[in-house]
Amino acid sequence: MATVRISAAAAPSSFSTLFTHEKAGMSNVDKEKIKRIVYEMSKDSAHFKEQERRDQRVTEHINACRERHQRIGADELKSHEQRADRLLVELDGHRNLERTWACVDMDAFFAACEALEDPSLRGDVVFAVGGTSMISTASYAARRYGVRSAMPGFIAQRLCREAGVSLRFVPVDFPKYLKFAELARTAFRLFDPHFIAASCDEAFLDLTDYCAHHAISGAEAATRLRHQVLEATRGLTCSVGIASSRMLAKIASDVNKPNGQYVVPAEREAIVSFIGPMPLRKIPGIGRVTERVLREVLGAETCAELLAKRAALCALFTARVAREHLSALLGIGGEGPPPLQREGEPSQKGVSQERTFEPTGAPL
DNA sequence: GCGGATCAC
DNA sequence: GATGGTGATCCGC
(Lines give C-alpha, C1' and ligand atoms only; values in the text may rest on other atoms or scores of the structure.)
Protein backbone atom coordinates (compact mmCIF):
# COMPACT_ATOMS: atom_id res chain seq x y z
CA MET A 1 0.00 0.00 0.00
CA ALA A 2 1.24 3.43 -0.89
CA THR A 3 2.29 5.48 2.07
CA VAL A 4 0.40 8.65 2.66
CA ARG A 5 2.68 11.61 2.59
CA ILE A 6 2.12 13.43 5.81
CA SER A 7 4.97 15.22 7.42
CA ALA A 8 5.36 14.87 11.13
CA ALA A 9 4.56 18.53 11.49
CA ALA A 10 1.49 18.54 9.28
CA ALA A 11 -0.28 15.54 10.76
CA PRO A 12 -1.37 17.02 14.08
CA SER A 13 -2.93 20.09 12.50
CA SER A 14 -4.75 18.02 9.94
CA PHE A 15 -5.98 15.83 12.71
CA SER A 16 -7.28 18.82 14.54
CA THR A 17 -9.83 19.34 11.79
CA LEU A 18 -10.99 15.78 11.87
CA PHE A 19 -13.63 16.16 14.50
CA THR A 20 -11.37 14.91 17.24
CA HIS A 21 -11.84 17.89 19.50
CA GLU A 22 -13.71 18.11 22.78
CA LYS A 23 -15.00 14.77 23.78
CA ALA A 24 -15.75 15.07 27.44
CA GLY A 25 -17.17 11.88 28.80
CA MET A 26 -15.20 9.63 26.50
CA SER A 27 -12.24 7.51 27.45
CA ASN A 28 -8.91 8.04 25.75
CA VAL A 29 -9.26 4.66 24.16
CA ASP A 30 -12.50 5.82 22.55
CA LYS A 31 -10.97 9.07 21.40
CA GLU A 32 -8.04 7.31 19.83
CA LYS A 33 -10.31 4.85 18.09
CA ILE A 34 -12.50 7.64 16.74
CA LYS A 35 -9.47 9.53 15.54
CA ARG A 36 -8.16 6.45 13.79
CA ILE A 37 -11.44 5.64 12.06
CA VAL A 38 -11.96 9.20 10.89
CA TYR A 39 -8.42 9.37 9.61
CA GLU A 40 -8.60 6.05 7.80
CA MET A 41 -11.81 7.03 6.07
CA SER A 42 -10.62 10.51 5.20
CA LYS A 43 -7.01 10.22 4.22
CA ASP A 44 -7.49 9.35 0.56
CA SER A 45 -10.21 11.86 -0.18
CA ALA A 46 -9.77 14.97 -2.25
CA HIS A 47 -11.14 16.97 0.61
CA PHE A 48 -8.46 15.73 2.96
CA LYS A 49 -5.71 16.48 0.48
CA GLU A 50 -7.04 19.98 -0.04
CA GLN A 51 -7.10 20.39 3.70
CA GLU A 52 -3.51 19.27 3.85
CA ARG A 53 -2.51 21.81 1.23
CA ARG A 54 -4.16 24.53 3.26
CA ASP A 55 -2.39 23.35 6.37
CA GLN A 56 0.86 23.42 4.48
CA ARG A 57 0.33 27.05 3.46
CA VAL A 58 -0.41 27.91 7.06
CA THR A 59 2.74 26.10 8.11
CA GLU A 60 4.74 28.24 5.71
CA HIS A 61 3.12 31.35 7.11
CA ILE A 62 4.01 30.17 10.60
CA ASN A 63 7.61 29.59 9.61
CA ALA A 64 7.79 33.13 8.26
CA CYS A 65 6.32 34.44 11.50
CA ARG A 66 8.84 32.42 13.47
CA GLU A 67 11.71 33.95 11.58
CA ARG A 68 10.39 37.42 12.15
CA HIS A 69 9.89 36.56 15.79
CA GLN A 70 13.46 35.41 16.17
CA ARG A 71 14.81 38.50 14.51
CA ILE A 72 13.16 40.81 17.00
CA GLY A 73 15.89 42.42 19.04
CA ALA A 74 15.82 42.87 22.80
CA ASP A 75 15.34 46.62 22.62
CA GLU A 76 12.65 46.34 19.99
CA LEU A 77 10.86 43.80 22.14
CA LYS A 78 11.17 46.11 25.10
CA SER A 79 9.49 48.94 23.24
CA HIS A 80 6.69 46.65 22.10
CA GLU A 81 6.22 45.58 25.68
CA GLN A 82 5.95 49.16 26.83
CA ARG A 83 3.45 49.86 24.10
CA ALA A 84 1.45 46.78 25.11
CA ASP A 85 1.49 47.78 28.75
CA ARG A 86 0.30 51.29 28.00
CA LEU A 87 -2.48 49.85 25.91
CA LEU A 88 -3.46 47.40 28.62
CA VAL A 89 -3.64 50.15 31.22
CA GLU A 90 -5.77 52.23 28.89
CA LEU A 91 -8.10 49.35 28.05
CA ASP A 92 -8.44 48.34 31.67
CA GLY A 93 -9.18 51.92 32.62
CA HIS A 94 -12.16 51.98 30.28
CA ARG A 95 -13.51 48.69 31.54
CA ASN A 96 -17.27 48.83 31.67
CA LEU A 97 -18.99 46.59 34.21
CA GLU A 98 -22.34 48.33 34.14
CA ARG A 99 -24.41 46.12 31.85
CA THR A 100 -25.63 42.59 32.39
CA TRP A 101 -25.49 40.63 29.15
CA ALA A 102 -26.83 37.18 28.47
CA CYS A 103 -25.82 34.89 25.65
CA VAL A 104 -28.46 32.27 24.94
CA ASP A 105 -27.42 29.24 22.96
CA MET A 106 -29.97 26.59 22.09
CA ASP A 107 -28.81 23.05 22.82
CA ALA A 108 -28.29 20.79 19.77
CA PHE A 109 -30.89 22.99 18.15
CA PHE A 110 -31.81 21.16 14.95
CA ALA A 111 -31.75 17.79 16.66
CA ALA A 112 -33.79 19.07 19.58
CA CYS A 113 -36.44 20.47 17.23
CA GLU A 114 -36.71 17.15 15.44
CA ALA A 115 -36.98 15.23 18.70
CA LEU A 116 -39.69 17.55 19.87
CA GLU A 117 -41.89 16.79 16.88
CA ASP A 118 -41.09 13.11 16.60
CA PRO A 119 -41.55 11.09 19.80
CA SER A 120 -39.54 8.22 18.35
CA LEU A 121 -36.46 10.44 18.55
CA ARG A 122 -36.86 11.25 22.23
CA GLY A 123 -34.78 9.83 25.00
CA ASP A 124 -31.28 8.67 24.22
CA VAL A 125 -31.75 8.08 20.51
CA VAL A 126 -28.56 8.05 18.47
CA PHE A 127 -29.44 10.21 15.49
CA ALA A 128 -28.17 13.03 13.36
CA VAL A 129 -29.85 15.76 11.38
CA GLY A 130 -28.49 15.54 7.86
CA GLY A 131 -27.61 12.73 5.52
CA THR A 132 -24.86 10.29 4.66
CA SER A 133 -22.79 12.96 2.99
CA MET A 134 -23.07 15.67 5.63
CA ILE A 135 -24.37 16.06 9.16
CA SER A 136 -25.75 19.29 10.52
CA THR A 137 -26.35 18.39 14.13
CA ALA A 138 -25.87 15.26 16.19
CA SER A 139 -28.09 14.26 19.08
CA TYR A 140 -26.26 14.22 22.39
CA ALA A 141 -26.53 10.44 22.39
CA ALA A 142 -24.76 10.35 19.02
CA ARG A 143 -22.04 12.73 20.21
CA ARG A 144 -20.94 10.09 22.68
CA TYR A 145 -19.70 8.10 19.70
CA GLY A 146 -17.81 11.02 18.20
CA VAL A 147 -20.51 12.20 15.80
CA ARG A 148 -20.15 15.93 15.15
CA SER A 149 -21.61 18.77 13.15
CA ALA A 150 -20.09 19.10 9.70
CA MET A 151 -18.93 15.50 9.77
CA PRO A 152 -19.69 13.38 6.70
CA GLY A 153 -22.60 11.13 7.57
CA PHE A 154 -20.98 7.97 6.28
CA ILE A 155 -18.11 8.41 8.69
CA ALA A 156 -20.51 9.08 11.54
CA GLN A 157 -22.35 5.94 10.56
CA ARG A 158 -19.17 3.94 10.78
CA LEU A 159 -18.25 5.39 14.16
CA CYS A 160 -21.57 4.25 15.55
CA ARG A 161 -21.44 0.85 13.92
CA GLU A 162 -17.99 0.23 15.38
CA ALA A 163 -19.57 0.86 18.77
CA GLY A 164 -22.37 -1.55 18.01
CA VAL A 165 -25.15 0.99 17.59
CA SER A 166 -26.88 2.26 14.50
CA LEU A 167 -27.12 5.92 13.58
CA ARG A 168 -30.44 7.22 12.40
CA PHE A 169 -30.52 10.09 9.91
CA VAL A 170 -33.20 12.76 9.91
CA PRO A 171 -33.38 15.13 6.94
CA VAL A 172 -32.80 18.83 7.50
CA ASP A 173 -36.03 20.82 7.72
CA PHE A 174 -35.22 24.49 7.92
CA PRO A 175 -38.74 25.88 8.15
CA LYS A 176 -39.20 23.76 11.25
CA TYR A 177 -36.15 25.29 12.93
CA LEU A 178 -37.23 28.80 12.03
CA LYS A 179 -40.58 28.13 13.61
CA PHE A 180 -38.96 27.07 16.86
CA ALA A 181 -36.47 29.92 16.67
CA GLU A 182 -39.40 32.30 16.51
CA LEU A 183 -40.99 30.66 19.55
CA ALA A 184 -37.75 31.02 21.50
CA ARG A 185 -37.62 34.66 20.46
CA THR A 186 -40.99 35.33 22.01
CA ALA A 187 -39.33 34.31 25.28
CA PHE A 188 -36.27 36.50 24.61
CA ARG A 189 -38.53 39.53 24.12
CA LEU A 190 -39.86 39.21 27.65
CA PHE A 191 -36.38 40.01 28.92
CA ASP A 192 -35.08 42.34 26.23
CA PRO A 193 -37.35 43.54 23.44
CA HIS A 194 -34.24 44.64 21.53
CA PHE A 195 -32.33 41.39 21.81
CA ILE A 196 -29.70 40.63 19.18
CA ALA A 197 -30.32 37.51 17.14
CA ALA A 198 -26.81 36.31 16.35
CA SER A 199 -28.11 33.33 14.43
CA CYS A 200 -30.99 30.94 14.29
CA ASP A 201 -30.09 29.39 17.63
CA GLU A 202 -28.12 32.05 19.44
CA ALA A 203 -28.97 35.47 20.84
CA PHE A 204 -27.64 38.23 23.06
CA LEU A 205 -29.93 39.89 25.57
CA ASP A 206 -29.23 42.98 27.63
CA LEU A 207 -30.71 41.98 30.97
CA THR A 208 -29.70 45.14 32.81
CA ASP A 209 -33.13 46.74 32.84
CA TYR A 210 -34.92 43.48 33.52
CA CYS A 211 -32.73 42.74 36.53
CA ALA A 212 -33.11 46.26 37.89
CA HIS A 213 -36.84 46.31 37.39
CA HIS A 214 -37.36 42.96 39.10
CA ALA A 215 -34.59 43.45 41.63
CA ILE A 216 -32.98 40.13 40.80
CA SER A 217 -29.48 38.89 40.04
CA GLY A 218 -28.22 37.91 36.63
CA ALA A 219 -28.21 34.29 37.77
CA GLU A 220 -31.86 34.47 38.70
CA ALA A 221 -32.69 36.14 35.39
CA ALA A 222 -30.85 33.38 33.54
CA THR A 223 -32.85 30.75 35.36
CA ARG A 224 -36.09 32.51 34.46
CA LEU A 225 -34.94 32.94 30.90
CA ARG A 226 -34.18 29.26 30.48
CA HIS A 227 -37.54 28.42 31.96
CA GLN A 228 -39.35 30.77 29.60
CA VAL A 229 -37.55 29.39 26.57
CA LEU A 230 -38.48 25.88 27.62
CA GLU A 231 -42.08 26.94 28.02
CA ALA A 232 -42.35 29.01 24.84
CA THR A 233 -40.93 26.21 22.72
CA ARG A 234 -42.69 23.51 24.72
CA GLY A 235 -39.55 21.56 25.30
CA LEU A 236 -36.33 23.08 23.94
CA THR A 237 -33.46 23.64 26.33
CA CYS A 238 -30.77 26.25 26.03
CA SER A 239 -27.59 27.28 27.78
CA VAL A 240 -27.04 30.76 29.10
CA GLY A 241 -23.96 32.75 29.92
CA ILE A 242 -24.18 35.91 32.00
CA ALA A 243 -21.49 38.57 32.08
CA SER A 244 -20.80 42.25 31.71
CA SER A 245 -19.89 41.87 28.05
CA ARG A 246 -21.22 39.90 25.13
CA MET A 247 -17.85 38.32 24.60
CA LEU A 248 -17.70 36.95 28.12
CA ALA A 249 -21.36 35.95 28.04
CA LYS A 250 -20.75 33.98 24.88
CA ILE A 251 -17.80 32.13 26.38
CA ALA A 252 -19.76 31.57 29.58
CA SER A 253 -22.71 30.08 27.71
CA ASP A 254 -20.49 27.16 26.79
CA VAL A 255 -19.31 26.39 30.29
CA ASN A 256 -22.35 24.46 31.48
CA LYS A 257 -23.80 23.36 28.19
CA PRO A 258 -26.25 21.72 27.71
CA ASN A 259 -29.22 22.99 29.70
CA GLY A 260 -27.10 25.00 32.10
CA GLN A 261 -25.93 28.48 32.94
CA TYR A 262 -22.83 30.23 34.15
CA VAL A 263 -22.32 33.69 35.58
CA VAL A 264 -19.10 35.67 35.33
CA PRO A 265 -19.33 38.21 38.17
CA ALA A 266 -19.00 41.81 37.06
CA GLU A 267 -15.73 42.31 38.89
CA ARG A 268 -12.34 42.79 37.39
CA GLU A 269 -10.67 40.00 39.37
CA ALA A 270 -13.40 37.48 38.60
CA ILE A 271 -13.24 38.33 34.90
CA VAL A 272 -9.48 38.06 34.69
CA SER A 273 -9.42 34.70 36.44
CA PHE A 274 -12.26 33.45 34.26
CA ILE A 275 -10.59 34.37 30.99
CA GLY A 276 -7.01 33.50 31.96
CA PRO A 277 -7.18 29.70 31.66
CA MET A 278 -9.39 29.79 28.53
CA PRO A 279 -7.93 28.25 25.38
CA LEU A 280 -7.25 30.99 22.85
CA ARG A 281 -9.72 29.46 20.41
CA LYS A 282 -12.54 30.69 22.65
CA ILE A 283 -11.73 34.29 21.82
CA PRO A 284 -13.80 35.66 18.98
CA GLY A 285 -11.50 36.44 16.10
CA ILE A 286 -9.08 33.67 16.99
CA GLY A 287 -9.85 30.80 14.68
CA ARG A 288 -8.06 27.68 13.59
CA VAL A 289 -5.25 29.50 11.82
CA THR A 290 -4.53 32.20 14.38
CA GLU A 291 -4.63 29.61 17.12
CA ARG A 292 -1.90 27.66 15.36
CA VAL A 293 0.19 30.79 14.85
CA LEU A 294 -0.05 31.75 18.50
CA ARG A 295 0.76 28.27 19.70
CA GLU A 296 3.50 27.42 17.24
CA VAL A 297 5.22 30.80 17.15
CA LEU A 298 4.67 32.12 20.66
CA GLY A 299 4.00 28.88 22.50
CA ALA A 300 0.80 30.32 23.94
CA GLU A 301 -2.22 28.08 24.47
CA THR A 302 -4.30 30.06 26.94
CA CYS A 303 -5.25 33.69 27.38
CA ALA A 304 -2.95 34.12 30.36
CA GLU A 305 -0.07 32.64 28.40
CA LEU A 306 -0.65 35.01 25.51
CA LEU A 307 -0.86 37.95 27.88
CA ALA A 308 2.60 37.02 29.08
CA LYS A 309 3.76 37.21 25.44
CA ARG A 310 2.11 40.57 24.82
CA ALA A 311 5.28 42.16 23.48
CA ALA A 312 5.70 39.59 20.74
CA LEU A 313 1.98 39.77 20.05
CA CYS A 314 2.31 43.47 19.34
CA ALA A 315 5.38 42.90 17.21
CA LEU A 316 3.83 40.24 15.01
CA PHE A 317 0.32 41.54 14.45
CA THR A 318 -1.08 44.79 13.12
CA ALA A 319 -1.86 47.39 15.74
CA ARG A 320 -5.55 46.89 15.23
CA VAL A 321 -5.47 43.12 15.67
CA ALA A 322 -3.05 43.29 18.59
CA ARG A 323 -5.33 45.77 20.33
CA GLU A 324 -8.35 43.57 19.73
CA HIS A 325 -6.58 40.54 21.15
CA LEU A 326 -5.17 42.34 24.17
CA SER A 327 -8.61 43.65 24.87
CA ALA A 328 -10.06 40.15 24.74
CA LEU A 329 -7.31 38.83 27.03
CA LEU A 330 -8.52 41.26 29.66
CA GLY A 331 -12.06 40.02 29.15
CA ILE A 332 -13.12 43.19 27.40
CA GLY A 333 -15.29 43.28 24.28
CA GLY A 334 -18.94 43.88 23.49
CA GLU A 335 -20.00 45.85 26.57
CA GLY A 336 -21.75 48.69 24.84
CA PRO A 337 -24.56 48.76 22.33
CA PRO A 338 -23.85 46.55 19.35
CA PRO A 339 -22.88 47.96 15.99
CA LEU A 340 -25.48 45.75 14.32
CA GLN A 341 -29.18 46.36 14.10
CA ARG A 342 -31.25 44.96 16.89
CA GLU A 343 -34.49 43.06 16.75
CA GLY A 344 -37.48 45.21 16.02
CA GLU A 345 -35.59 48.04 14.43
CA PRO A 346 -35.64 48.53 10.70
CA SER A 347 -32.52 47.11 9.15
CA GLN A 348 -30.95 48.22 5.93
CA LYS A 349 -29.69 44.78 5.13
CA GLY A 350 -31.75 41.73 5.96
CA VAL A 351 -30.82 40.16 9.24
CA SER A 352 -28.23 37.42 9.01
CA GLN A 353 -28.86 34.70 6.49
CA GLU A 354 -29.77 31.17 7.33
CA ARG A 355 -27.08 28.80 8.29
CA THR A 356 -26.68 25.20 7.46
CA PHE A 357 -24.72 24.10 10.48
CA GLU A 358 -24.55 24.67 14.13
CA PRO A 359 -21.24 25.36 15.79
CA THR A 360 -19.29 22.16 15.93
CA GLY A 361 -17.71 22.45 19.32
CA ALA A 362 -20.37 21.71 21.91
CA PRO A 363 -19.01 19.04 24.22
CA LEU A 364 -21.26 16.44 25.71
C1' DG B 1 -10.67 49.02 -5.23
C1' DC B 2 -9.74 43.95 -5.53
C1' DG B 3 -8.57 39.27 -4.38
C1' DG B 4 -7.22 36.16 -0.90
C1' DA B 5 -7.35 34.68 3.74
C1' DT B 6 -9.69 34.21 7.90
C1' DC B 7 -13.58 33.83 10.83
C1' DA B 8 -18.26 32.88 12.36
C1' DC B 9 -22.19 30.35 12.08
C1' DG C 1 -20.01 6.96 -3.02
C1' DA C 2 -19.75 10.56 -0.30
C1' DT C 3 -16.56 16.12 3.30
C1' DG C 4 -20.90 23.11 3.74
C1' DG C 5 -22.45 27.89 2.05
C1' DT C 6 -22.43 32.63 2.80
C1' DG C 7 -21.42 37.09 4.40
C1' DA C 8 -18.31 40.08 6.71
C1' DT C 9 -13.91 41.91 7.62
C1' DC C 10 -9.23 42.74 7.20
C1' DC C 11 -4.92 43.04 4.85
C1' DG C 12 -1.65 43.50 1.35
C1' DC C 13 -1.28 44.78 -3.06
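Below, chain A is the first sequence line, B the second, and so on; all start at residue 1.
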Output the rounded distance in Å from CD (A/Glu324) to P (C/dA8). 19 Å
Is the shortest distance from a Lys or Arg side-chain nitrogen in A/Glu335 or A/Arg99 to a carboxylate oxygen in the other one below 4.0 Å? no
Distance-only donor-acceptor check, side chains A/Asn96 and A/Ser244, under 3.5 Å: no
Check the interface with nucleotides 1-3 of chain C: list each N/O to N/O pair with the protein under 3.5 Å, or write none.
unit_1: C/dT3; atom_1: O2; unit_2: A/His47; atom_2: ND1; d: 3.3
unit_1: C/dT3; atom_1: O4; unit_2: A/Ser42; atom_2: OG; d: 2.7

Between C1' of C/dC11 and CZ of A/Arg323, the distance in whole Å: 19 Å
Which one of A/Phe188, A/Trp101, A/Phe191, A/Phe195 satisfies the ring-ring contact (aromatic ring centres under 6.0 Å, His included) criterion with A/Tyr210? A/Phe191
B/S/- along nucleotides 2-8 of chain B (protein heavy atoms under 4.0 Å) is ----SSS
Measure the distance from CG on A/Leu316 to P on C/dC10 and round it to the nearest whole Å. 20 Å
Angle between ring planes, A/Phe174 versus A/Phe110, binned at 30° and 60°: parallel, tilted or perpendicular? perpendicular
Is any NZ, NE, NH1 or NH2 atom of the basic residue among A/Arg224 and A/Glu220 found under 4.0 Å from an Asp or Glu carboxylate oxygen of the other? yes
Identified salt bridge (charged side-chain N to carboxylate O under 4.0 Å, His left out) counterpart of A/Glu117 within the set A/Arg122, A/Lys179, A/Arg234: A/Lys179
Within the supplied structure, the quantity of interest is the number of heavy atoms (other residues, nucleotides, ligands) at a distance under 6.0 Å from A/Lys176 NZ; does it exceed 12? yes
Whole-Å C1' distance, B/dC7 and C/dG4: 15 Å
Answer yes if the side chains of A/Thr132 and A/Gln157 hold a donor-acceptor pair under 3.5 Å, and no otherwise. no
